[in-house]
Amino acid sequence: MTTTLLSPGPAAVEEAAGRIAGRVLRTPLLAGLPVPGKRRSGWRLRLKAEHLQYGGSFKLRGAANAVLALGARRIVTGSSGNHGIALARLAAPLGVEVTVVLAAGADPAKAALIRTLGGRTVQVPGGVAERESRARELAELTNAHLVPSSDHELVVAGQGTVAREILEDAPETTTLCVPVGGGGLLAGTCLAARDLAVRIVGVEPAATPRYGRSLAAGRPVRLAPSDTVADGLRAQEPGAVTYPLVRDRVDDLVAVTDSAILAALRLLRGHGVEAEPSGAVALAGALRLGRDGGRVVAVVSGGNTAAPLRAATTYPHREDLP
């Protein structure tokens with residue numbers, strides 16, 4: 001089952017913002033970190049704190065927009081974990097049945113939390129492409145709505161509310177750095193800022209540069225399954241919804257190594273920002289841009305590390321926990 005955006009362009013993000021208000025947290029912009037070598041440069045860097053979001057990541061936004069707009073009773077998705085957590089968290093109070101297909105190597109703690117929240121998990125032995133194929137198959141077999149973690153118009157519009165909030169709270173921003181996996185957050189950012197004079201930079205793990213290679217080739221390219229410390233960003237190819245939005249609006253794509261991601265993660269944690277590795281990817285890209293990026297906001301996309309996952313599994317419906 002599929003749907004289309006209720007309105008074209010940025011209006012879809014506005015509709016999403018209204019729909020999910022009260023279901024998601026308007027996360028703060030954190031003051032810039034004291035970055036070594038940048039203290040006297042005048043470079044300004046701020047962080048959009050989506051690691052503080054209910055469910056532990058920005059994924060709640062797109063999931064909420066899709067679930068509320070569709071009114072579905074049964075949902076199937078493929079997820080590395082955070083999108084599945086978001087759907088399961090939303091579904092229980094609404095009486096919605098959720099099945100989450102996980103690829104090999106998915107975080108067992110995230111899978112456990114999905115089940116604690118009332119979702120069903122199915123694991124496949126392959127990578128993200130096999131995961132998505134199995135999710136489509138299960139949706140057809142069970143007459144469920146397929147709500148992918150990225151490649152869905154309502155999900156993209158919901159993720160675009162991250163950029164909407166940033167640009168409302170800091171209209172002076174010149175560059176948005178966004179982590180890229182399946183591309184839902186980047187596509188949503190491109191949608192929200194389609195007509196605005198802000199530079200949009202997608203940041204991919206160097207092991208999985210699916211958007212960079214696809215844009216260079218002029219068409220979506222599927223990569224082989226790969227490994228990266230940013231386990232939430234292992235998608236193998238751009239989606240049919242996300243690719244054209246990114247192609248037509250993104251200003252730059254940056255690939256960052258695992259060592260750069262871990263360095264950014266240490267910097268965040270050293271200043272009290274408990275991000276997961278995928279959540280540090282945008283900062284790694286922002287550090288690579290340096291002051292050439294101007295007034296930069298990097299999205300800290302998730303904070304589902306071991307400790308909050310354990311706590312959330314024990315107290316799954318407390319709003320101050322993932």
Side-chain angles (χ1 to χ4, degrees), residues 20 22-30 47-67 75 77-93 98 100 102-103 105-119 121 147-150 155 158-159 161-163 165-166 178-182 184-185 188 228-235 261 264-265 268-269 271-283 298-322:
I20 67 179
R23 300 271 184 177
V24 305
L25 179 68
R26 187 183 182 102
T27 54
L29 276 177
L30 305 181
L47 304 173
K48 178 62 168 170
E50 284 296 294
H51 65 294
L52 300 178
Q53 184 59 257
Y54 302 143
S57 82
F58 76 95
K59 293 287 188 178
L60 187 69
R61 297 170 180 269
N65 194 41
V67 169
I75 287 173
T77 191
S79 172
S80 60
N82 285 346
H83 179 65
I85 290 169
L87 282 173
R89 181 186 175 94
L90 288 160
V98 171
V100 182
L102 302 162
D107 186 340
K110 291 182 179 181
L113 179 54
I114 290 167
R115 292 190 292 271
T116 297
L117 291 165
T121 61
V147 181
S149 61
S150 298
V155 172
Q159 314 305 30
T161 62
V162 175
E165 289 178 10
I166 292 170
V178 181
V180 187
L185 181 57
T228 171
V229 67
D231 65 310
L233 306 181
R234 291 175 178 168
I261 294 168
L265 185 65
L268 287 170
R269 292 181 178 175
H271 290 88
V273 178
E274 289 301 316
E276 60 187 287
S278 297
V281 168
L283 176 59
V299 179
V300 182
S301 56
N304 279 329
T305 56
L309 284 170
R310 282 196 301 270
T313 302
T314 305
Y315 305 103
H317 296 293
R318 274 179 52 187
E319 286 199 337
D320 60 334
L321 293 171

Euclidean distance, [Y] [atom2] relative to [X] [atom1], rounded to 0.5 Å:
X: I114; Y: L117; atom1: CD1; atom2: CG; result: 8.0 Å
X: S301; Y: H51; atom1: OG; atom2: NE2; result: 10.5 Å
X: Q159; Y: E50; atom1: CD; atom2: CD; result: 9.0 Å

Answer yes or no: is there a side-chain heavy-atom contact under 4.5 Å between [X] and [Y]?
X: V100; Y: L87; value: no
X: F58; Y: L185; value: yes
X: S150; Y: V155; value: no
X: D231; Y: S80; value: no
X: D107; Y: E276; value: no
X: L47; Y: H271; value: no

Donor-acceptor pair, [X] side chain versus [Y] backbone, under 3.5 Å?
X: N304; Y: G55; answer: yes
X: R234; Y: T228; answer: yes
X: S149; Y: S79; answer: no
X: K59; Y: I85; answer: no
X: H83; Y: G62; answer: no
X: Q53; Y: L25; answer: yes

What are the two closest non-hydrogen atoms of [X] and [Y], and how far apart are they?
X: A280; Y: I261; answer: CB-O, 3.9 Å
X: A275; Y: T305; answer: O-CG2, 3.4 Å
X: P179; Y: L233; answer: CB-CD1, 4.2 Å
X: G158; Y: N65; answer: N-ND2, 3.7 Å
X: L90; Y: A63; answer: CD1-C, 3.6 Å
X: R269; Y: P277; answer: NH2-CD, 4.4 Å

Only one of V178, I166, L30 passes side-chain contact (heavy atoms from CB on, under 4.5 Å) with K48, and that residue is I166
Please walk me through it: do R61 and T27 pass side chain to side chain contact (heavy atoms under 4.5 Å, CB included)?
CA-CA 11 Å; R61 297 170 180 269; T27 54; 3.6 Å; yes
